[in-house]
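Here the structure is laid out as structure tokens; the discussion comes afterwards.
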Amino acid sequence: MSYRLHSILLGTTIRTHRSIPPHLICRAWFCSGRFRNQTHMESHASCEAVVGDSELLVKKMATICNAGPAKLQVIADFDATLTKYQVNGCRGQSSHGLVQQEDTEYDKKRQELYEHYHPLEFSPTIPIEEKAKLMEEWWTKTHGLLIEGGLTYDGIRQSVADSTIAFREGVVELFEFLEERDIPILIFSAGLADIIEEVLRQKIHRLFKNVKIVSNRMVFDNNGHLVSFQGKTIHSLNKNEHALDMAAPLHDRLGDNIDAPTYENASVKTRRNVLLLGDHIGDLGMSDGLNYENRISAGFLNDNVENSLDSYRKAFDVVYLVFD
């Protein structure tokens with residue numbers, strides 16, 4: 001096989017409705033060479049994967065692997081997908097949640113919004129149209145509090161430095177693996193682009209020439225105070241590839257002077273094979289607007305597993321039940 005996908009998480013137990021032969025799992029998906037059989041995977045499990053249609057998944061993996069890296073792109077959510085949902089037994093921080101404002105009353109107000117809207121975001125009983133309106137309402141109120149509370153870019157740097165936000169095991173290795181093969185990564189987040197960039201700067205301490213970010217980007221005045229947000233609000237249920245024009249090469253934003261190729265939007269759209277990573281069913285819309293031929297979608301089910309597993313299994317090719 002000329003090209004094989006790098007494993008996203010090391011040590012995964014596969015649970016399927018129709019069993020995938022272990023040798024196919026190892027060859028097509030867990031291609032790092034560390035796994036020789038399914039029993040070995042189970043003994044080092046850090047998460048469990050549920051596959052609804054194993055035959056379809058194996059077919060997709062073989063097709064994408066045979067097409068090679070030149071036809072592949074990766075689209076990934078950030079919060080609770082690339083980053084850990086739990087850190088040291090506590091809920092991991094998001095790019096919104098790690099912000100500490102100078103006036104702590106605004107932190108309390110944003111936390112109150114979180115406690116009200118977060119359960120609604122993952123409720124399996126609220127219709128998607130109604131839920132989208134609630135998410136727009138939540139994001140708008142939260143961004144308003146960040147502006148009203150006088151957030152500064154220096155405050156962002158300090159907030160990230162003080163945060164416990166952490167990447168999932170294997171994420172950095174995955175980024176390096178993709179960069180070596182010139183495979184573009186589009187981080188598509190309903191979070192905050194400026195904070196995501198600062199997290200990458202402080203937590204990974206290196207840059208990736210193949211990474212672009214589509215997220216809510218802040219506008220600061222000459223004194224470094226937040227005054228507004230660019231464009232339309234991106235929330236958890238309206239992500240789609242039509243926002244690709246907002247993408248900025250990561251190394252440009254971080255002041256990197258490396259004279260390396262970047263991935264123009266038109267070029268990305270010619271890559272017809274997609275690996276999509278997300279933790280919300282709404283993340284599946286991240287590939288809207290792409291005329292892709294093959295897509296493997298991996299969903300990270302972090303919460304409300306009992307009530308949500310069935311809908312996630314039907315929506316994603318692979319569902320990861322993660323034990324951070």
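Side chains included, hydrogens not; waters and symmetry mates left out as well; all remaining heavy atoms used. Computed from a prediction, not measured in an experiment: that's the story for all the values here.
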Could you check whether the rings of His96 and His143 sit parallel, tilted or perpendicular, using 30° and 60° as the cut-offs?
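The rings of His96 and His143 lie parallel, inter-plane angle below 30°.
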Run through Tyr320, Tyr312, Tyr85, Phe78 and flag the one making a ring-ring contact (aromatic ring centres under 6.0 Å, His included) with Phe300.
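Answer after filtering Tyr320, Tyr312, Tyr85, Phe78: Tyr320.
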Could you pull out the closest heavy-atom pair between [X] and [Y], with the gap in Å?
{"X": "Ala190", "Y": "Ser236", "answer": "CB-N, 3.5 Å"}
{"X": "Pro69", "Y": "Arg271", "answer": "O-NH1, 2.9 Å"}
{"X": "Val87", "Y": "Ala166", "answer": "CG2-CB, 4.4 Å"}
{"X": "Leu178", "Y": "Asn210", "answer": "C-ND2, 3.7 Å"}
{"X": "Pro124", "Y": "Asn304", "answer": "CD-ND2, 3.9 Å"}
{"X": "Ser95", "Y": "Gly191", "answer": "OG-CA, 3.3 Å"}

Would you give the length of the straight line joining atom [atom1] of [X] to atom [atom2] of [Y], rounded to the nearest 0.5 angstrom?
{"X": "Leu82", "Y": "Asp77", "atom1": "CG", "atom2": "CG", "answer": "7.0 Å"}
{"X": "Leu301", "Y": "Phe316", "atom1": "CG", "atom2": "CZ", "answer": "9.0 Å"}
{"X": "Leu146", "Y": "Lys109", "atom1": "CG", "atom2": "NZ", "answer": "12.5 Å"}
{"X": "Leu284", "Y": "Ser297", "atom1": "CG", "atom2": "OG", "answer": "5.5 Å"}
{"X": "His280", "Y": "Glu121", "atom1": "NE2", "atom2": "CD", "answer": "4.5 Å"}
{"X": "Met61", "Y": "Asn294", "atom1": "CE", "atom2": "CG", "answer": "12.5 Å"}

Evaluation steps, side chain to side chain donor-acceptor pair (under 3.5 Å), between Ser159 and Gln100
CA-CA 6 Å; Ser159 293; Gln100 300 173 22; 5.1 Å; no
Within the side chain of [X], is there an N or O that forms a donor-acceptor pair under 3.5 Å with the backbone of [Y]?
{"X": "Asp279", "Y": "Thr81", "value": "no"}
{"X": "His205", "Y": "Gln202", "value": "yes"}
{"X": "Thr140", "Y": "Glu137", "value": "no"}
{"X": "Asn273", "Y": "Ala67", "value": "no"}
{"X": "Thr104", "Y": "Asp107", "value": "no"}
{"X": "Thr83", "Y": "Ala80", "value": "yes"}
{"X": "Arg110", "Y": "Val99", "value": "yes"}
{"X": "Lys60", "Y": "Arg295", "value": "yes"}
{"X": "Lys131", "Y": "Ser123", "value": "yes"}
{"X": "Trp139", "Y": "Asn216", "value": "no"}

For residues [X] and [Y], determine if any side-chain heavy atom of one lies less than 4.5 Å from a side-chain heavy atom of the other.
{"X": "His116", "Y": "Trp138", "answer": "no"}
{"X": "Glu179", "Y": "Ile185", "answer": "no"}
{"X": "Ile234", "Y": "Val214", "answer": "yes"}
{"X": "Val319", "Y": "Leu321", "answer": "yes"}
{"X": "Leu113", "Y": "Leu145", "answer": "yes"}

So, are Glu112 and Lys141 salt-bridged, with charged N and O less than 4.0 Å apart?
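No salt bridge links Glu112 with Lys141.
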Less than 4.0 angstrom from a charged side-chain N to a carboxylate O is my criterion; do Lys133 and Glu136 meet it?
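The answer is no: the pair does not qualify as a salt bridge.
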From CA spacing to verdict: side chain to side chain donor-acceptor pair (under 3.5 Å), Tyr292, Gln73:
CA-CA 10 Å; Tyr292 62 83; Gln73 64 175 300; over 6 Å; no
Atom CG of residue position Asp162 - does it have more than 12 heavy atoms of other residues, nucleotides or ligands inside 6.0 Å?
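Counting other residues, nucleotides and ligands, CG of Asp162 exceeds 12 neighbours.
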Answer yes if [X] and [Y] sit in the same cluster of Ile, Leu, Val, Met, Phe, Trp and Tyr residues linked by side chain heavy atoms under 4.5 Å apart, and no otherwise.
{"X": "Leu151", "Y": "Val219", "answer": "no"}
{"X": "Val227", "Y": "Tyr153", "answer": "no"}
{"X": "Ile128", "Y": "Ile126", "answer": "yes"}
{"X": "Tyr114", "Y": "Ile165", "answer": "no"}
{"X": "Phe229", "Y": "Tyr106", "answer": "no"}

Please assess Asp79 against Ser189 for the test side-chain contact (heavy atoms from CB on, under 4.5 Å), listing each intermediate value before the final yes or no.
CA-CA 7 Å; Asp79 293 318; Ser189 175; 4.2 Å; yes
Face-on cation placement of Arg206 at Phe208 ring, 6.0 Å and 45° thresholds
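Output yes; distance and angle both within limits.
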For Phe177, does the six-membered ring have the charged nitrogen or CZ of Arg181 within the cation-pi criterion, i.e. under 6.0 angstrom from the centroid and within 45° of the normal?
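Arg181 over Phe177 ring: yes.
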Check the pair Asn307 / Phe122 against side-chain contact (heavy atoms from CB on, under 4.5 Å), numbers first and verdict last.
CA-CA 10 Å; Asn307 293 324; Phe122 289 94; over 6 Å; no
Working for side-chain contact (heavy atoms from CB on, under 4.5 Å), residues Leu98 and Val199:
CA-CA 10 Å; Leu98 66 79; Val199 169; 4.1 Å; yes
Ile156/Leu192 under side-chain contact (heavy atoms from CB on, under 4.5 Å): CA gap, chis, key distance, verdict
CA-CA 11 Å; Ile156 287 176; Leu192 300 165; over 6 Å; no
